[in-house]
Engineer: 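Handing you a structure now.
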Number of protein chains: 2
Amino acid sequence: METAQESLRSKNIRPSIQRVRILDYLKTRKNHPTVDTIYTDLFPQIPTLSRTTVYNTLEMLKENGLVISLDFGDGSLHYDADTSPHIHFECEKCKHIYDVFVAPDDIKKKLPAGFSLSRTQLYAFGTCAKCDKNAK
Amino acid sequence: METAQESLRSKNIRPSIQRVRILDYLKTRKNHPTVDTIYTDLFPQIPTLSRTTVYNTLEMLKENGLVISLDFGDGSLHYDADTSPHIHFECEKCKHIYDVFVAPDDIKKKLPAGFSLSRTQLYAFGTCAKCDKNAK
DNA sequence: GTGTCTGCAAACGATTTGCAAATTA
DNA sequence: TAATTTGCAAATCGTTTGCAGACAC
């Protein structure tokens with residue numbers, strides 16, 4: 001897999017320390033973090049980091065197609081550096097987000113004539129195996 | 001189709017004027033409105049209406065399964081009184097939300113063992129036929 | 001009358017904006 | 001040093017909360 005530095009260079013984005021660390025964080029942890037999670041986790045390593053920079057950086061990475069944002073309706077956006085099409089399953093008990101790597105339905109074929117598709121997002125909600133087991 | 005009054009009664013929800021009008025608005029217009037749209041449109045008819053009541057009512061209707069909320073990432077929630085499974089397509093140009101009545105993928109079968117599903121939401125983004133035509 | 005519902009005003013919290021200082025090519 | 005990037009502080013805006021008065025059974 002491409003390193004964060006390589007990804008940034010390929011898009012002609014200056015690889016500042018903040019940008020590399022934020023993208024690297026997303027690529028390695030795969031934990032669908034929010035701005036606040038990223039900020040809290042990176043702050044010890046980058047003591048001058050500000051939330052504004054995290055917001056700016058993520059917005060820019062998103063515009064460049066390096067990350068996608070996910071909205072589970074909990075009030076803040078989550079980010080994912082895996083831009084391949086997959087389904088996001090959120091456990092309603094533990095709130096963990098699971099990636100389900102299944103090619104989603106071919107919506108394109110089902111749209112009315114004249115409609116063109118740029119992107120889809122499929123969210124699933126329920127209970128994960130871990131929480132299901134604990135409940136018994 | 002059930003009237004708003006009937007729907008409320010079937011769930012043992014007191015059919016106050018505000019509740020009936022809000023649910024009726026959603027059932028008849030099918031325009032996927034936000035709280036603000038509902039408030040603005042109903043205010044002339046109910047001059048004492050407050051945004052708080054619209055929020056309270058929608059939350060309660062949602063808990064009772066009479067409406068669903070949709071999040072297109074534009075900063076505010078949209079509401080829909082059609083709770084049957086269908087896809088929401090937002091045109092990125094005119095921002096209109098289209099209902100695509102296609103049974104979505106059977107995600108249930110594709111989840112790992114032990115996972116149970118309560119609800120899915122499929123959002124699609126692109127260009128609608130109207131905007132596509134105008135662009136030519 | 002007693003419990004429920006409404007709606008005002010204030011609080012909240014995620015995100016955005018303006019701008020000056022710091023950084024980098 | 002000129003252009004870009006960062007980050008503080010304040011503003012913004014959708015939503016929530018506390019509570020007092022209005023309403024319904």
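No hydrogens, no waters, no symmetry mates; every other heavy atom, side chains included, goes into these values. A, B, ... follow the sequence lines: proteins, then strands. Residue 1 opens every chain.
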Engineer: CG of A:Leu77 versus C1' of C:dT15: gap in Å, rounded?
Structural biologist: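 The distance from CG of A:Leu77 to C1' of C:dT15 comes to 9 Å, rounded to the nearest Å.
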
Engineer: On the side chain of B:Ser50, is there an atom forming a donor-acceptor pair with the base of C:dC8 - under 3.5 Å, no angle test?
Structural biologist: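 Counting by modelled atom types and ignoring angles, no donor-acceptor contact under 3.5 Å is found here.
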
Engineer: By nearest nucleotide on DNA chain D, pick out whichever of A:Thr53 and B:Gly75 is the more 5' one.
Structural biologist: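 Nearer the 5' end of the strand: A:Thr53.
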
Engineer: Which label fits A:Tyr98 and A:His96: parallel for a plane angle under 30°, tilted from 30 to 60°, or perpendicular past 60°?
Structural biologist: perpendicular

Engineer: Quick check on C:dT16: is either OP1 or OP2 less than 4.0 Å from any side-chain nitrogen or oxygen of A:Tyr55?
Structural biologist: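 No.
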
Engineer: Tell me, yes or no, whether the heavy-atom count around B:Ile17 atom CD1, taken from other residues, nucleotides or ligands under 6.0 Å, exceeds 12.
Structural biologist: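 Check fails, neighbour count at 12 or below.
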
Engineer: If two hydrophobic side chains count as joined below 4.5 Å and joins carry through other members, does A:Val67 share a cluster with A:Val20?
Structural biologist: yes

Engineer: In whole angstrom, give the distance that lies between atom CG of B:Leu49 and atom P of C:dC5.
Structural biologist: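 Distance, rounded to whole Å: 16 Å.
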
Engineer: What is the distance, to the nearest angstrom, from the CG atom on A:Asn56 to the C1' atom on C:dT15?
Structural biologist: 11 Å

Engineer: Of the candidate nucleotides C:dA14, C:dC5, C:dG7, which contains the atom at the shortest distance from the side chain of B:Thr48?
Structural biologist: C:dG7

Engineer: In terms of side-chain geometry, is the basic nitrogen of A:Asp41 or A:Arg29 positioned less than 4.0 Å from the acidic oxygen of its partner?
Structural biologist: yes

Engineer: Does a side-chain N-to-carboxylate-O contact under 4.0 Å join A:Asp74 and A:Lys95?
Structural biologist: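 Salt bridge flag = no for A:Lys95 with A:Asp74.
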
Engineer: If the cut-off is 4.0 Å, is A:Arg19 near the phosphate of D:dT6, judged by side-chain N/O to OP1 or OP2?
Structural biologist: yes

Engineer: Calculate the interatomic distance between A:Leu58 atom CG and C:dA14 atom P; express it in whole Å.
Structural biologist: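 Taking atom P of C:dA14 as the reference, CG of A:Leu58 is at 15 Å.
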
Engineer: Give the rounded distance in Å between these two atoms: CZ of B:Phe43 and P of C:dT6.
Structural biologist: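 B:Phe43 atom CZ is separated from C:dT6 atom P by 16 Å.
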
Engineer: With a 4.0 Å cutoff (strictly under), does any side-chain N or O of B:Ser16 reach OP1 or OP2 of C:dT6?
Structural biologist: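 Indeed, a polar side-chain atom of B:Ser16 lies that close.
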
Engineer: Can you tell me the distance, in whole Å, between the CD1 atom of A:Ile22 and the P atom of D:dT5?
Structural biologist: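 It works out to 13 Å between those atoms.
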
Engineer: Calculate the interatomic distance between B:Leu42 atom CG and C:dG7 atom P; express it in whole Å.
Structural biologist: 11 Å

Engineer: Rounded to whole angstroms, how far apart are CD on B:Gln18 and P on D:dA22?
Structural biologist: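 So the CD-P distance, B:Gln18 to D:dA22, works out to 15 Å.
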
